[in-house]
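Only one structure is covered here, and it is reproduced in the block below.
Computation of the quantities below employed the complete heavy-atom set of this structure, encompassing side-chain atoms and omitting hydrogens, waters and symmetry-equivalent molecules. Because the structure is predicted, anything quoted here is derived from the model rather than measured.
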Amino acid sequence: MKSQDQDLTLAPLEEDVLTVVLGRELYGLQIIRGFEEVSEGKRKIGFGSLYPTLHKLEKKGFVESRWGDERPEERSGARRRYYRVTGLGEQALRETSKFRANLASWQPVLGRV
Amino acid sequence: MEESFYRELERDRDEIVEVVLKVKTSLRSIPDQRARNLGDELSLVEKDLSNLLSSSLPDLLSTKSDWKAQIGGIQARLQAVADVSMDMAEEFAAKADLLSHGDLETHHWFGLVSLFSYILPQRAREEWIGDLREARRELLEAKYPQWVVDCITFGRLILLAWSLLRVKFQDLVSSQSQRKQEK
């Protein structure tokens, strides 16, 4: 639910992370892989940016997370934390797309500073 | 005639029993559903062998050619199980080897990782260090040299420390702004 003064602005990296998680449930490494695979290695999100971004998105209420049930051997039994986009997150993405579309269609008025 | 047939029968039986025992021992060391399925298949082979040998000697002699075909079938099934179990044992040994190399606890900079884990909040400890371990394992599976994997893991550990600082800073800023709003 959107509150009246809810800030729906997204930083570019936040928008990218929300987009990759949108419509699915992913854990940290899958998000990193998503960036690498889609951009063919040209755009990356590393361990230094991913978790602070997810933390920020979660605090803003744009994503929510849960522990996975599995305890994989390759993680020495540590559970995975799965993230998914909330309704508010979807709304923030829509607002950002709308803003970009408005920016692209904006025409400067001649003579006005 | 009877004696030579009986010797042949005993020899075949002993060979089969020996292979069955070897395969069983090998399968016991593999904690895998596929190994359990192979174990079941092996039990069927044993049962068929036991049924075949339960016939009396005159019966066996009278159906000698049929018996040969049946024991050949049992041997072929056993060989198939043995081949698959050997592949599985090799695969499992390679996996165990990879795990022992990939596990940070067995590594020489375990102290650094455990010290870092200690300063992380509980949730981040499980999530971040778990992801770090999984990523390290992927690099080892991709056959990168050990020293490259160590360097990358060390770099990621530094980045996680940086992440922790950023998260703490975010929390500080948001709590400050919340306090201001409350005032």
Side-chain angles (χ1 to χ4, degrees), chain A residues 3-7 9-14 17 20-21 25-37 41 44-84 88, chain B residues 31-32 92 95-96 98-107 110 113-114 116-117 120-142 152-175 177-178 181:
Chain A
S3 65
Q4 286 301 313
D5 56 351
Q6 177 74 51
D7 180 14
T9 54
L10 290 170
L13 192 59
E14 291 172 354
V17 171
V20 76
V21 181
E25 254 196 339
L26 301 176
Y27 69 96
L29 271 190
Q30 284 179 313
I31 299 172
I32 293 175
R33 280 187 215 126
F35 270 67
E36 282 184 5
E37 285 172 22
K44 288 182 181 181
I45 183 168
F47 278 72
S49 329
L50 175 70
Y51 302 111
T53 307
L54 286 170
H55 180 75
K56 208 170 177 181
L57 288 171
E58 199 164 14
K59 280 216 133 191
K60 285 179 171 180
F62 294 164
V63 295
E64 55 191 15
S65 62
R66 66 161 184 93
W67 287 114
D69 300 324
E70 72 278 28
R71 289 185 175 272
E73 196 183 14
E74 63 269 28
R75 297 169 65 93
S76 302
R79 289 168 300 169
R80 294 176 174 130
R81 188 93 190 164
Y82 287 92
Y83 293 86
R84 70 181 193 87
L88 195 61
Chain B
D32 190 294
F92 181 70
K95 203 174 162 188
L98 197 64
L99 264 181
S100 69
H101 279 97
D103 197 351
L104 289 169
E105 268 73 4
T106 60
H107 204 270
F110 161 60
V113 176
S114 56
F116 179 68
S117 300
L120 284 175
Q122 174 61 38
R123 177 182 150 176
R125 192 180 305 160
E126 189 165 2
E127 181 187 11
W128 299 6
I129 300 295
D131 283 353
L132 183 74
R133 282 199 174 100
E134 196 174 339
R136 178 179 166 79
R137 173 79 181 277
E138 281 177 2
L139 289 173
L140 286 165
E141 279 176 347
I152 294 173
T153 310
F154 184 71
R156 283 174 173 167
L157 204 61
I158 303 283
L159 288 174
L160 287 180
W162 173 237
S163 288
L164 179 65
L165 286 176
R166 286 180 63 185
V167 165
K168 291 282 175 201
F169 183 70
Q170 281 172 15
D171 288 346
L172 186 74
V173 170
S174 71
S175 67
S177 63
Q178 214 167 357
Q181 278 176 357

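Close approach to chain B, defined as a heavy atom under 4.5 Å from one of its heavy atoms, is seen in Tyr51(A), Pro52(A), His55(A), Lys56(A), Glu58(A), Lys59(A) of residues 51-60 of chain A, taken by number.
Other residues, nucleotides and ligands contribute over 12 non-hydrogen atoms within 6.0 Å of the CH2 atom of Trp67(A).
The nearest pair of heavy atoms linking Gly130(B) to Ala78(A) is CA-CB, 3.8 Å. The two residues Leu29(A) and Asp131(B) make their nearest non-hydrogen contact at CD1-O, 3.6 Å.
Glu127(B) and Tyr82(A) share no side-chain donor-acceptor pair at under 3.5 Å.
Proximity to chain A involves both the backbone and the side chain of Arg123(B), based on heavy atoms less than 4.5 angstrom apart.
Residue Leu159(B) holds its CG atom at 11.0 Å from CG of Leu50(A), rounded to the nearest 0.5 Å.
With salt bridges taken as basic N to acidic carboxylate O contacts below 4.0 Å, none links Glu134(B) and Arg79(A). Electrostatic pairing of Glu126(B) and Arg80(A) does not count as a salt bridge here, judged by no charged N lying under 4.0 Å from a carboxylate O.
The shortest side-chain heavy-atom distance between Ile158(B) and Phe47(A) does not fall under the 4.5 Å cut-off.
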